[in-house]
2 protein chains.
Amino acid sequence: MSALAELPQLERRTLADTAYEALADLLASGRLAPGDRLSLRQSAAALGVSVMPVREAVSRLVADGVLEVAATRAIRVPIMTAQDFRALAETRMAIEGMAAARTAERRSEADLAAIRRAEAAFRAEAESARPDSAQAVRLNRDLHFAIYAACGLAPLHEIIARLWLKAGPVINLDLRAHPERLLQGFALRRHAEALAAIEAGDGPAAAAALAADIREAAEFIMSRGGLRDT
Amino acid sequence: MSALAELPQLERRTLADTAYEALADLLASGRLAPGDRLSLRQSAAALGVSVMPVREAVSRLVADGVLEVAATRAIRVPIMTAQDFRALAETRMAIEGMAAARTAERRSEADLAAIRRAEAAFRAEAESARPDSAQAVRLNRDLHFAIYAACGLAPLHEIIARLWLKAGPVINLDLRAHPERLLQGFALRRHAEALAAIEAGDGPAAAAALAADIREAAEFIMSRGGLRDT
DNA sequence: GCTAGTGATCTGTGATCACAGTTCGGGTGC
DNA sequence: GCACCCGAACTGTGATCACAGATCACTAGC
């Protein structure tokens, strides 16, 4: 009988869960841009299910503020104002910086190894002859979350995941349109600083590196002027 | 025609929104305790609607981690382990402390007046001859959120609201069972410290006061031993 | 007396239908 | 030629039905 105890709990995945992930991926990767509309029936048809699971997925995304239902009942990706985006960036700097500081102060050797691998993977892609921007976005995300996962606070990790979902459409839409920012590699410097701080166990330095990384990316996007003012 | 522009956008409230608020209130006030099960059909009947709106509300609460669907497909309030609760309290100390520090550093006079009023209201209730614990819980919440609302970052405010929803069942269930903690009034001291720090514009002191308030409440509950270990 | 099984009743999940309100294109009136 | 209007096709929201699986009280079997 003890052999049965070793069977893994097989995960129960509802169609709504799958639909949520599909839509979240569309948003996080910037393929759904701010202002784009989303139809329940069309999405359901594309996913090959009825509207019910899509409806549930969308209602979660609306609760997260990643989608919104307009006054006309149309579902769309919210159009962030410059002020909204700035507040989101400041919140991310504070929270993600805090998570990085905690990681620096209590990371295990295994954590450190995972972070080193992620940093190397991103660097390799960014410095390659022909970097794939979609792949670079993924690797950048992997590196950031390798750091956050090691902070030791699961609720904090979840909060950051939600913040990324919210910022995703704006950031990655911009990146798809202007991939040259990656090539200039000024994320690379901040990543190296963060890694060094985490290796040294220097919390404040790790927080500063992450905050700088986020601030610079946000300033770059805002200087582009693609965000409305009011 | 310009007079029409001053009409307030009347909010579109779906039944699902109403159901969400009703359930959230049940959870935040501790009337739904960890481990309690929730039936969609029974809830729908109690609210006088079909299962659809309840379903949507529950799916949002599940996404927030405030409810969970067990492996047997039963919906229930998650049973937090002592470790879970400690991690949640630590996250709250960090994030709510940060919000309080921002408030101290940039609060307007109007913010300060609102916080003073909320502090006085809570104090009056806690020091009254026969304090009403439900009312005290509400006033405590009002005071905390008066502080967080003045931090200037809307996303941070939303994050804290979600954290309170998650902690609500544990904290308020305990408070309903043992209201004497309120009477000892050691929240009062922390509140006074926070108010003084915000008046003085001292960010670190405000963060410390809030963190101490949260830590002491959490330690009190954990010392009670009502939480499972693993 | 206690266990194993069995059927009625509950559960959440998904599909389908109904409805009010919105959008949009194609005409008709001027 | 242009503004208006009307209707078809769409939108999200809510109710209802269908279904597989879980629960639980109860009984048959040893």
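In what follows, chains carry the letters A, B, and so on, assigned in the order in which the sequence lines appear, proteins first and then strands, with residues in each chain numbered from 1. All of these numbers come straight from a predicted model, not from anything done at the bench.
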Trainee: Checking side-chain polar atoms at under 3.5 Å, does Arg31(A) have a donor or acceptor matched by the opposite partner on Ser29(A)?
Mentor: yes
Trainee: Which nucleotide, dT16(C), dG14(D), dT13(C), lies nearest any side-chain atom of Ala16(B)?
Mentor: dG14(D)
Trainee: Would Gln83(B) and Arg86(B) count as a side chain to side chain donor-acceptor pair (under 3.5 Å) here? Give the steps.
Mentor: CA-CA 5 Å; Gln83(B) 288 88 336; Arg86(B) 189 191 309 276; over 6 Å; no
Trainee: Rounded to whole Å, how long is the line connecting atom CG of Leu61(B) with atom P of dG12(C)?
Mentor: 14 Å
Trainee: Take Ala74(B) and Gly48(B), find for each the nucleotide of DNA chain D with the closest heavy atom, and name the residue whose nucleotide sits nearer the 5' end.
Mentor: Gly48(B)
Trainee: Taking only side-chain N and O atoms of Gln42(A), does any of them lie within less than 4.0 angstrom of OP1 or OP2 on dT11(D)?
Mentor: yes
Trainee: May I have the distance from Leu67(B) (atom CG) to dT11(C) (atom P), rounded to whole angstrom?
Mentor: 15 Å
Trainee: Mind checking whether Arg162(A) and Glu158(B) have side chains closer than 4.5 Å, heavy atoms only?
Mentor: no
Trainee: Nearest to the Ile75(B) side chain among dG12(C), dG14(D), dT13(D), which nucleotide is it?
Mentor: dG12(C)
Trainee: Please determine, for the side chain of Leu40(B), which listed nucleotide (dA15(C), dG14(D), dT13(C)) has the closest atom?
Mentor: dT13(C)
Trainee: Under the 3.5 Å rule, do the base of dG14(D) and the side chain of Arg55(B) count as making a donor-acceptor pair?
Mentor: no
Trainee: Nearest whole Å is fine: how far is dC17(D) P from Met52(B) CE?
Mentor: 15 Å
Trainee: May I ask you to verify if any side-chain N or O of Thr72(B) is less than 4.0 angstrom from the OP1 or OP2 atom of dT23(D)?
Mentor: yes
Trainee: Atom CG of Leu38(B) and atom P of dG12(C): how far apart are they, to the nearest Å?
Mentor: 8 Å
Trainee: Between Ser50(A) and dT16(C), does any side-chain N or O lie under 4.0 Å from OP1 or OP2?
Mentor: no
Trainee: Closest to the Arg73(B) side chain: dG21(D), dA15(C), dT13(D)?
Mentor: dG21(D)
Trainee: Roughly how many Å is it from CZ in Arg76(A) to P in dT23(C), rounded to a whole number?
Mentor: 11 Å
Trainee: Under 3.5 Å, is there an N or O donor on one side and an acceptor on the other linking the side chain of Arg41(B) and the base of dG12(C)?
Mentor: yes
